[in-house]
There are 2 protein chains.
Amino acid sequence: MSDMTSAADAPRSPGRPRSVRADEAIVEATLDLLAEGNSVETISIEAIAARAGVGKATIYRRWPGKDALLTDALRRLKGNPPAPAGRSIRDDLVVLVSAVGHHIDPRAARIMPCLVPRVNRSPDEYQLYQSIIEPRRALMREVLRRGIRTGELRPDLDIEVTMAMLTGPMLIQRVLRWHPDLDDAGLPERVVDGVLEGIRAR
Amino acid sequence: MSDMTSAADAPRSPGRPRSVRADEAIVEATLDLLAEGNSVETISIEAIAARAGVGKATIYRRWPGKDALLTDALRRLKGNPPAPAGRSIRDDLVVLVSAVGHHIDPRAARIMPCLVPRVNRSPDEYQLYQSIIEPRRALMREVLRRGIRTGELRPDLDIEVTMAMLTGPMLIQRVLRWHPDLDDAGLPERVVDGVLEGIRAR
DNA sequence: AAGATACGGAACGGTTCCGTATCGTTAGCG
DNA sequence: CGCTAACGATACGGAACCGTTCCGTATCTT
């Protein structure tokens with residue numbers, strides 16, 4: 001974690017203040033390098049410093065090591081989940097499902113796959129990942145509960161499983177390109193409608 | 001790729017033949033190290049050799065480098081997909097969905113997440129991944145088609161999207177632990193039933 | 001027995017990276 | 001102006017790893 005917090009009420013230490021531009025450049029360079037195909041392991045502090053136009057010492061002044069910098073940089077990718085309009089349940093679900101694996105920062109789509117192995121190894125990273133997606137899950141949970149209240153959805157719905165049914169197809173397709181012949185266009189609508197109506201004949 | 005193929009009809013070259021035990025030990029050591037938490041990048045030829053009780057030269061005699069060895073080792077993880085019983089569509093789907101992310105080799109479950117970033121970077125790895133899962137997709141496709149023929153499933157079914165709806169939830173939960181509070185026990189049944197019946201009230 | 005080849009082990013040079021230290025320089029504060 | 005700390009740049013020792021090349025030994029074929 002960087003030490004940029006609690007700088008407001010500090011007694012303004014003497015000397016040259018830390019460059020805000022360097023802060024930004026370091027994090028941006030990290031995300032750029034990750035998005036360009038470097039994995040978390042192969043990325044190096046030296047490459048980040050070179051890309052940011054910064055000395056290595058400037059990085060070590062702010063973060064204790066590579067892992068802390070990476071965790072801090074990944075945290076920046078957390079965008080705000082979209083706000084469903086609140087008209088029909090179907091429309092709201094389409095909005096939320098469309099946003100799965102689709103963050104504000106376009107680099108996130110390329111970086112996210114690198115996170116998958118980390119999530120399974122480091123409890124901290126798992127916690128970070130959960131803290132990013134839980135707000136989106138909460139939003140979807142709320143829409144489903146509303147659907148039950150309004151009578152649009154079955155009252156005996158298993159909400160948590162339903163969220164996985166809506167999120168899973170989008171995630172494996174966007175992160176893993178699970179099915180080469182499945183085009184992303186219109187996929188959210190098709191998934192939402194499929195989950196809504198079911199596949200059993202009647 | 002190893003050169004163990006086409007050794008049958010070779011004119012039996014003189015000298016000491018390659019040790020089959022070394023072949024096996026190297027691949028096993030590679031998979032063990034991956035399953036123990038080493039990622040594809042952090043794993044080293046030296047570690048593999050040490051674990052296999054083998055000299056590095058013995059590895060380089062067989063594979064040109066680390067990537068070739070890893071690709072070859074990962075190929076071994078491809079198990080055979082399960083055979084659905086063919087009784088009811090629901091039972092068959094439960095069998096297939098239960099097998100998602102659940103290979104014969106127990107190490108596969110731990111190794112698979114490491115494959116995710118590779119799949120997005122190397123076309124070869126993507127091809128390998130597809131060749132592993134396509135037979136399972138084909139099996140599920142066949143069950144869905146049979147369900148349409150027998151009238152158990154809607155005739156206007158989007159088969160490819162339905163497969164994603166069945167596979168996605170299992171995959172994100174088993175590979176990513178997407179939802180901490182979602183227990184794996186009974187999840188296949190709940191997913192299959194959810195997709196079968198839909199969530200819309202009626 | 002003789003020849004050929006693979007074996008495990010060890011070493012080597014080259015590369016990369018980390019984390020630290022040390023330059024001379026620069027920006028803000030009193 | 002003078003103080004102070006951060007700045008970019010560079011160099012360093014240590015470590016890890018790669019790919020290669022030697023050993024002396026083991027094992028198979030002829």
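To find a chain, count down the sequence lines: A is the first, B the second, and so on, and within it residues start at 1.
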Let me know the distance between [atom1] of [X] and [atom2] of [N], rounded to the nearest Å.
{"X": "B:Arg18", "N": "D:dT27", "atom1": "CZ", "atom2": "C1'", "answer": "15 Å"}
{"X": "B:Asp67", "N": "D:dC17", "atom1": "CG", "atom2": "P", "answer": "16 Å"}
{"X": "B:Lys66", "N": "D:dC18", "atom1": "NZ", "atom2": "P", "answer": "5 Å"}
{"X": "A:Ile48", "N": "C:dT16", "atom1": "CD1", "atom2": "P", "answer": "17 Å"}
{"X": "B:Ile59", "N": "D:dC17", "atom1": "CD1", "atom2": "P", "answer": "13 Å"}
{"X": "A:Asn38", "N": "C:dC17", "atom1": "CG", "atom2": "C1'", "answer": "14 Å"}
{"X": "A:Trp63", "N": "C:dT20", "atom1": "CH2", "atom2": "C1'", "answer": "18 Å"}
{"X": "B:Ile45", "N": "C:dG8", "atom1": "CD1", "atom2": "C1'", "answer": "16 Å"}

So, does [X] use its side chain to make a donor-acceptor pair with the main chain of [Y] at under 3.5 Å?
{"X": "B:Arg190", "Y": "A:Asp158", "value": "no"}
{"X": "A:Thr150", "Y": "A:Gly147", "value": "yes"}
{"X": "B:Arg137", "Y": "B:Met163", "value": "no"}
{"X": "B:Tyr129", "Y": "A:Leu176", "value": "no"}

For residues 48-57 of chain A, please give each side-chain donor-acceptor pair under 3.5 Å, one per line with the distance, not counting sequence neighbours.
residue	atom	partner	partner atom	Å
A:Arg51	NH1	A:Glu36	OE1	3.4
A:Arg51	NH1	A:Glu36	OE2	3.3
A:Arg51	NH2	A:Glu36	OE2	2.5
A:Lys56	NZ	A:Glu46	OE2	3.1

Subject >> Residues touching DNA chain D, which here means a heavy atom under 4.0 Å, drawn from residues 50-58 of chain B >> reply: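 Listed by number, they are B:Lys56, B:Ala57.
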Original post:
Any donor-acceptor pair under 3.5 Å joining the side chain of A:Arg16 to the base of D:dT4?
Top reply: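 Answer is no: no donor-acceptor pair is held.
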Starting the side chain at C-beta, find the nucleotide from [options] nearest to [X].
{"X": "B:Tyr60", "options": "D:dC7, C:dT20, D:dG19", "value": "D:dG19"}
{"X": "A:Glu46", "options": "D:dA6, C:dC18, C:dT5", "value": "C:dC18"}
{"X": "A:Ser44", "options": "C:dC17, C:dG19, D:dC18", "value": "C:dC17"}

Subject >> Pairing residues for B:Arg21 by the salt bridge (Lys or Arg N to Asp or Glu O under 4.0 Å) criterion, not counting sequence neighbours >> reply: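 Counting only residues at least two positions away or on another chain, B:Arg21 forms no salt bridge (Lys or Arg N to Asp or Glu O under 4.0 Å).
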Original post:
Salt bridge or not for A:Glu41 and A:Lys66, using N-O below 4.0 Å?
Top reply: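 No salt bridge links A:Glu41 with A:Lys66.
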**OP:** Give a yes/no on whether any side-chain N or O of B:Arg21 is located under 4.0 angstrom from OP1 or OP2 of D:dT27.
**Re:**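 Answer no for this pair, as no side-chain N or O of B:Arg21 is under 4.0 Å from OP1 or OP2.
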